[in-house]
Each structure stands twice: as structure tokens, then as C-alpha cells.
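Presented below is the structure to which this report refers.
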Amino acid sequence: MRWSNLFVPTLREPPADAEAANHKLLIRGGFIRQLHSGHYSLLPLGLRVHNKVADIVRREMDAIGAQEFLLPAMHPAEIWKKSGRWQAVGEEMFRFVDRKGADNVLGMTHEEIFTDVAQEITSYKSLPQIWYQIQLKFRDEPRPKSGLLRVREFAMKDSYSFDIDEAGLDHSFEVHHDAYVRIFEALELPAIAVEASSGAMGGSGSTEFMVPSSVGEDDVAICGNCGYAANTERAKARLAELEDRDLSELVRLPTPGVRTIAALETIEGGAPAVHQIKTMVMVLDGEVTLALLRGDHELEMQKLADSTGAIDIRPATPQETVEHLGANPGSLGAVSVEGLRIICDPALEGRRGLTTGANEDDWHWSGVDIARDIAVDEWTDLRKVKAGEPCLDCGSPLEIVRCIETGHIFKLGTKYSDPLGAFVLDPDGTQKPLVMGSYGIGIGRSVAAVAEVHHDDKGLAWPVSVAPFEVVITIVSSKDEASVAAGETLYDELRSRGVDVLLDDRDARAGVKFADAELIGIPYRVTIGPRALAEGEVELTSRATGDTTRVPIDAIADSLVETVETDRR
RNA sequence: CGGGACGUGGCGCAGCUCGGUAGCGCACCUGCUUUGGGAGCAGGGGGUCGCUGGUUCAAAUCCAGUCGUCCCGACCA
């Protein structure tokens with residue numbers, strides 16, 4: 001491709017409202033343009049990168065025997081009603097009515113549709129099957145953000161495995177896991193596989209592939225010693241040994257004006273946070289519920305969601321709180337509470353000598369014995385792990401790292417095959433629902449993640465594997481006939497030898513060409529100028545390192561072909 | 001959905017307080033000069049000032065409403 005023919009609208013300044021590096025640089029470099037919140041047009045450069053990411057994903061999926069499909073992006077509501085998700089997913093799904101008055105949706109995922117096709121698998125003999133597609137997903141995100149990181153319309157590679165039993169599923173899952181590791185290696189993304197919650201898609205054995213980045217939206221607890229890694233939605237940690245206070249008698253404690261854990265620590269007769277009970281009033285699918293934690297611990301909402309199966313979870317309003325407990329936040333507790341579901345974090349199990357609200361403004365109880373004084377319905381891990389807490393497995397301090405979730409794999413079991421009627425006959429001739437797994441990689445999000453990881457103050461610095469072009473030939477002076485001739489010759493040769501090469505043949509100043517080449521992040525730049533050319537040489541500059549070397553002109557093509565081929569992965 | 005900010009040529013901004021013929025930088029077009037790190041000079045093109053309504057002789061500017069975008073929290077590839 002010749003730069004003079006390429007549409008690359010580069011900008012000196014990024015749009016004022018862009019903050020994430022990928023967003024600023026993809027806009028400045030002319031890769032993408034925003035149409036609407038959460039909807040981006042891919043320009044020629046952006047599409048090239050997107051396609052290369054998709055091709056890597058395709059290559060590795062094909063390598064595990066997966067078969068590519070392309071399913072409709074738009075679905076009839078019926079099938080979503082059958083799976084139960086027409087009700088379950090809420091506002092995240094785009095829904096509309098067609099001219100016949102029928103309900104339709106824009107697909108946010110394709111479990112239902114692949115399962116529909118899978119009804120035609122009739123025998124265990126044709127299993128396992130792994131099916132995938134690279135298709136647009138539509139999700140009415142409450143808040144699109146950070147360029148391509150979080151959008152409402154995006155290409156996803158989604159695959160689905162079909163097996164006769166759990167053992168088969170385990171194998172399909174492993175195979176995907178390994179393929180994902182290879183994909184992220186090829187993309188030069190330092191992704192780590194972490195334990196995760198499966199969220200709204202349902203299922204178990206959930207593993208996310210996380211790329212550390214400050215613009216990410218997830219926190220991952222990582223043990224540097226033993227390698228334990230889990231999304232904080234699910235992560236656990238050891239508790240340090242703790243001696244209960246010797247307060248066996250339940251006593252009413254006047255606490256005028258005390259509304260916070262911190263204030264209760266310092267007041268006369270109060271207690272350190274570790275000896276307090278934090279009482280969170282939550283509404284789970286309409287049911288007012290008390291979630292109890294140690295005073296210094298924080299509630300992890302996803303754990304509450306996962307352990308209760310509730311879909312709609314929110315903190316109670318002040319009115320609801322007063323109505324059910326008789327006091328305002330700051331004086332709440334579960335002592336002697338009846339008629340409300342009480343869920344308690346194990347950090348409080350067996351504890352005595354505790355202090356908690358008395359459900360009367362300005363009063364607390366001290367000397368609370370959980371077992372004696374509180375009617376706990378369920379014990380389940382609810383607390384959010386904090387940095388520095390000891391790893392559950394080895395005791396080393398955990399680190400909390402911000403990450404971008406670029407992939408997610410999990411086991412569905414028969415959650416969709418059962419209701420949608422995807423059954424096969426096993427060797428005994430009995431009907432069995434297909435045992436399924438579901439596996440996703442965001443293509444556009446991966447592009448954004450690579451941009452986040454591979455850039456500097458001059459612009460993007462793509463790995464060869466996904467770069468829009470592998471090599472750019474910069475002709476320093478388009479007036480210098482020898483330079484132009486040498487550039488054209490090299491351009492033709494590299495193209496004929498399969499290198500993705502861009503010839504900067506624009507009639508522009510050298511500084512502009514250098515700056516643009518660096519901004520759009522082409523991994524290798526060959527600079528052809530009168531100086532070196534007079535000595536029969538050209539310059540080769542690596543975008544990533546900035547290193548420049550002189551190479552004889554008759555050796556440059558061989559050298560580049562070799563370098564690019566080894567870098568491609 | 002709660003909180004905050006902002007909507008003025010393609011991009012970045014000023015003008016608004018105190019209503020009176022819409023301006024600057026970058027980008028773009030023409031010419032001349034220049035030419036190894038985002039050139040200089042001269043000339044030029046391009047804007048329903050988000051939208052609707054109101055106040056006024058007169059609205060980018062004041063008032064009301066509305067739409068949109070971005071950022072921080074609850075959701076996910």
C-alpha cells in the first residue's frame with residue numbers, strides 16, 4: 001500500500017474527552033472514529049489490526065479442531081424465552097419489534113443459537129464438537145468507556161463445546177485454555193488466567209484471561225509466590241489469628257452521634273473494627289437481607305450474588321432500612337432480628353465480645369456472641385480480599401492488580417441444552433443433554449489491550465503479529481530521484497516476498513513522515529535518504545527500541561523478510 | 001441509575017460574567033521559498049454556536065426544557 005492512497009487521518013491532538021491511551025492513540029493515529037457512545041467505525045488501519053487479531057484467534061481455534069460458523073446477529077425473542085434469558089438478562093439486551101409485531105433481539109451472546117443448531121447432533125459418536133464464530137455482539141452497556149475497551153457493539157470470538165459428559169467438557173475446557181494462552185502470547189499480551197465468577201452467563205469453572213493495565217475494570221488478587229490468581233469477585237485469603245475480647249455479657253452501649261465504624265472505634269466503650277460487626281442491608285430480588293461482615297472488611301457484591309443466585313442486588317434505601325430495622329445506617333445490627341434473611345461472612349464464625357448496632361439510633365450492643373445472639377441463616381464468604389492479606393494456599397501477601405478482561409472461558413453444563421432440547425443418545429441408548437462449555441475473546445477489546453500495553457509517548461508500537469503494516473519505507477525526499485527509485489524497488493521486492501509493507505511516498509517533510517510512522521506504530525521503518533544512499537546503504541529503525549542500524553541496500557530485503565517472519569509468531 | 005463536567009468549522013480552544021455583523025492555533029486549498037524530526041511568507045475555503053421554546057429591536061451570550069458526549073460508582077468480551 002502507498003501512503004499517498006491510504007486514508008489515515010492522523011491528528012496532532014487527541015479529542016479532549018479521550019483519557020485511555022488506546023483511545024487517544026487509536027483516534028490520533030487514524031485507526032478508529034466514534035459514531036456514537038460505544039459505537040466506533042474502524043478505519044482502514046483499525047480494520048487491518050482487527051483482522052490480524054481475528055486471524056490469530058482463528059488460527060488457534062482451527063488448531064484445536066474447532067469449526068467456524070456465522071450465526072445471525074438478530075434473533076427472534078422465542079428462543080430467548082425458551083432459555084429463560086428473555087426475562088433474566090434485563091436491560092442489557094437490545095430488543096425491538098418488527099413489522100409483524102414480533103419481538104426480536106440483537107444477540108448479546110450466542111448460546112441459544114448454537115444450541116439450536118446443536119439439536120441436530122443426535123449421537124454421542126459425533127462428539128465432541130467445538131463450534132465458533134467471529135460475530136458482532138450487541139450489549140446495551142450502562143456506561144461505554146475508554147475507546148474500544150467497553151462498547152455496545154463489538155466483534156467477539158465465541159465458541160461452544162459439546163460433549164457427552166463432564167469428563168469430555170473438562171477436556172474441551174482445557175484445550176480452550178491452552179489455545180487462549182497461545183493466542184495471548186501471539187498478541188504479545190501478558191495475560192494471566194485467573195479464577196472468576198461466571199456472572200450472568202451461568203455455569204461454573206470460570207476462568208478469565210486478564211491483562212494487567214491501569215485502565216482495566218477488574219481487580220485481580222495475585223500471589224507472587226505460589227501463582228494463585230483470582231478476580232476479587234471470587235478471591236479468598238487467610239485470616240490472621242485474632243483473640244476475642246473478654247466481654248461475655250450483652251450490654252447496651254450509648255453511642256450518641258456515632259454513625260461509622262471509625263467513630264465507634266474511638267468512642268468511650270467502643271471497639272476496634274476487627275471486633276465490630278458490619279451490618280449491610282441489601283435487597284436481593286426484592287427481599288431485604290442482612291449481610292454481616294467483620295468491621296474492617298468490605299462486602300464483595302458479586303460473592304453475595306453468586307452465593308444466593310440473586311439477579312438484582314442493591315443496597316436498601318434509607319427508608320427501607322428504617323422500615324425493617326427501626327434505625328438509620330450507623331446503628332444497625334442483627335442481634336435478635338427475626339423475619340429477615342441473615343447471611344454472615346465466616347470471619348465472624350465463633351466470634352464473641354463483638355460490638356454492633358442496636359437498631360436504635362445512637363445505641364449499640366457490646367459483648368455480642370454471634371452464636372448466642374444472632375440467628376444466622378447462612379454462612380458464606382462475602383468479603384472482598386485486600387492487598388497484603390496472606391494467600392490462602394501459601395501465606396505470602398497477595399497483590400491486587402487492575403486488569404483488562406480480554407477472555408473468559410467457562411463450563412455451562414446442561415444449562416442451555418436442557419431447556420432448548422439438545423439431546424443425544426449415549427452408548428446405552430439413553431437420551432442425554434449435551435454438556436456444554438462457552439468461551440469468549442473480545443476482538444476489539446484485545447486490539448485496545450495491545451494498544452494499552454504497546455505504546456510510548458510518540459504513539460503506538462504494535463507487535464509485528466498485529467501491526468497494520470509490518471514495514472514502512474520512508475522516502476526522506478520525494479524530490480530525490482535515486483531515493484524514490486530505491487524505495488520503489490524495495491517496496492516491490494518486499495511485497496512480492498509477502499511482507500506487509502507501506503511505502504511513504506507522500507510529498508511531505510521528513511519530520512512529518514517520521515512522526516506519522518511512529519504514531520501509527522509500524523514495527524520497522526526503512527529510511528531511504530540521500531546521505532546513506534550515497535554509500536549504498538539505508539537505515540533500519542525498530543519502533544519498539546528506537547534502535548537504528550545502517551544496512552547495505554542489497555541486503556535490506558533479505559534481512560527484513562527474515563526478521564518479520566520470525567516476529568510473526 | 002446516582003454523582004460531576006462539557007457541547008462553538010475535521011481536531012484543540014477563546015468569546016458568554018457585561019446580549020449588538022463568530023475568532024485563534026492545527027489541519028485543508030493556491031502560489032513562492034524551503035526540504036533528515038510535525039517549515040516560512042502571502043492569499044483562500046469551510047461554522048444551523050447540540051436541539052426546542054422563551055425574553056428582547058437584537059441571543060453563541062440571558063431563562064426554561066430537551067438531547068448528546070465524557071469522567072467517577074453498581075454490570076461484562
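Quick caveat: nothing in here was measured; it's all calculated off a predicted structure. A, B, ... follow the sequence lines: proteins, then strands. Residue 1 opens every chain.
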* With sugar-phosphate meaning primed atoms plus P, OP1 and OP2, does A/R28 contact a base, only sugar-phosphate, or nothing at under 4.0 Å between heavy atoms? -> base
* Taking side-chain hydrogen bond (donor to acceptor under 3.5 Å, both in side chains) as the test, write out the residues that go with A/R182, two or more places apart. => A/E60
* **Length of the CD-C1' vector between A/E19 and B/C71, whole Å** => 6 Å
* To do: Rounded to the nearest angstrom, tell me the gap between atom CG in A/D140 and atom C1' in B/C75.
  => 12 Å
* Does B/A5 have a Watson-Crick or wobble partner in any strand here, with both distances under 3.5 angstrom, and which is it? -> B/U69
* To the nearest Å, give me how far apart NE2 (A/H23) and C1' (B/C70) are. => 9 Å
* Asked: Between B/A64 and B/G47, how far is it from one C1' atom to the other, in whole Å?
  -> 26 Å
* **Contacts of A/N231 that satisfy side-chain hydrogen bond (donor to acceptor under 3.5 Å, both in side chains) - sequence neighbours left out** => A/E208, A/D218
* Take nucleotides 25-37 of chain B nucleotide by nucleotide from the 5' end and write B, S or -, depending on whether a protein heavy atom sits under 4.0 Å from the base, only from the sugar-phosphate, or from neither. => BSS------BBBB
* Are any of the side-chain heavy atoms of A/R506 and A/S478 separated by less than 4.5 Å? -> no
* **Nearest-nucleotide pick for A/F410, side chain only, options being B/A77, B/C72, B/C76** => B/A77
* To do: Round to the nearest Å and state the distance from A/M210 atom CE to B/C76 atom P.
  => 12 Å
* **Nucleotide opposite B/A77 in a Watson-Crick or G-U pair, distances under 3.5 Å** => none
* In whole angstrom, give me the gap between the C1' atoms of B/G46 and B/C28. => 9 Å
* Asked: Is the shortest distance from a Lys or Arg side-chain nitrogen in A/E518 or A/R525 to a carboxylate oxygen in the other one below 4.0 Å?
  -> yes
* Are side-chain heavy atoms of A/V472 and A/V501 found at a separation under 4.5 Å? -> no
* Phosphate OP1/OP2 of B/C70: any A/S37 side-chain N/O under 4.0 Å -> yes
* Could you check A/T406 against A/A18 and say which one's nearest nucleotide on RNA chain B is further toward the 5' end? => A/A18
* Asked: Ignoring hydrogens and angles, does a donor from either the side chain of A/D17 or the base of B/C6 sit under 3.5 Å from an acceptor on the other?
  -> no
* Tell me what A/V211 touches on the nucleic acid: a base, only sugar-phosphate, or nothing, going by heavy atoms under 4.0 Å. => nothing
* Asked: On a whole-Å scale, what distance lies between the C1' atoms belonging to B/C16 and B/A59?
  -> 10 Å
* For B/G12 versus B/G31, give the span between their C1' atoms, rounded off to a whole number of Å. => 28 Å
* Could you let me know what B/U56 is paired to, Watson-Crick or G-U wobble, both distances under 3.5 Å, or none if it's on its own? => none
* Structure fact -> The Watson-Crick or G-U wobble partner of B/U35, with both key distances under 3.5 Å, is none
* Asked: Nearest of B/A74, B/G12, B/A77 to any side-chain atom of A/V151?
  -> B/A77
* Atom P, compared across B/G15 and B/U8: separation rounded to whole Å -> 14 Å
* To do: With sequence neighbours left out, write down each residue that passes side-chain hydrogen bond (donor to acceptor under 3.5 Å, both in side chains) with A/H177, or none if nothing qualifies.
  => none
* Asked: Do A/R150 and B/C75 have a side chain to base donor-acceptor pair shorter than 3.5 Å?
  -> yes
* What pairs with A/K137 under side-chain contact (heavy atoms from CB on, under 4.5 Å), at least two apart in sequence or on another chain? -> A/H110, A/Q133, A/Q135, A/F154, A/M156, A/D158
* To do: Could you give the distance separating B/C62 and B/C49 at their P atoms, to the nearest angstrom?
  => 15 Å
* B/C70, B/A77, B/A74: which one has an atom nearest the side-chain heavy atoms of A/R143? -> B/A74
* Have a look at A/E208 and say if it touches a base, only the backbone sugar-phosphate, or nothing, with a 4.0 Å heavy-atom cut-off. => nothing
* Using a 4.0 Å heavy-atom cut-off across all strands, classify A/P15 as base, sugar-phosphate, or nothing. => sugar-phosphate
* To do: For B/C11 and B/A27, measure between their P atoms and round to the nearest Å.
  => 15 Å
* Quick one: label A/D158 by what it contacts on the DNA or RNA (base, sugar-phosphate, nothing), any heavy atom closer than 4.0 Å. => nothing
* Structure fact -> Whole-Å distance, A/M282 CE to B/A74 P, equals 11 Å
* To do: Please state the C1' separation for the pair B/G20 and B/U61 - nearest whole angstrom.
  => 11 Å
* Presence of A/H36 side-chain N/O under 4.0 Å of B/G68 phosphate oxygens OP1/OP2 -> no
* For B/C72, does OP1 or OP2 lie under 4.0 Å from any side-chain N or O of A/K145? -> yes
* **Candidate list A/R85, A/E112, A/M93, A/M74, test side chain to side chain contact (heavy atoms under 4.5 Å, CB included), partner A/V105, passing option** => A/M93
* To do: Find the distance A/L187:CG to B/A77:P and express it as a whole number of Å.
  => 18 Å
* B/A77, B/C11, B/C75: which one has an atom nearest the side-chain heavy atoms of A/L11? -> B/C11
* **Base partner of B/A22, which must satisfy Watson-Crick or wobble distances under 3.5 Å** => none
* **Minimum-distance pair of heavy atoms, taken over all atoms of A/F410 and A/F173** => CA-CE1, 3.7 Å
* **Integer-rounded Å distance: B/G12 P and A/K24 NZ** => 12 Å
* To do: Kindly write out the residues that satisfy side-chain hydrogen bond (donor to acceptor under 3.5 Å, both in side chains) with A/S172, not counting sequence neighbours, or none if the list is empty.
  => A/D163
* Structure fact -> When A/P142 and A/S146 are each assigned the nearest nucleotide of RNA chain B, the 5'-most assignment goes to A/S146
* To do: Taking only the side-chain nitrogens and oxygens of A/Q302, find out if one of them lies under 4.0 Å from OP1 or OP2 of B/A74.
  => no
* **Atom-to-atom span, CG of A/D218 to P of B/A77 - whole angstrom** => 10 Å
* Does any nucleotide pair with B/C28 by Watson-Crick or G-U wobble geometry, both distances under 3.5 Å, and what is it? -> B/G44
* Would you check if the side chain of A/W80 reaches a backbone N or O of A/Q87 as a donor-acceptor pair within less than 3.5 Å? => no
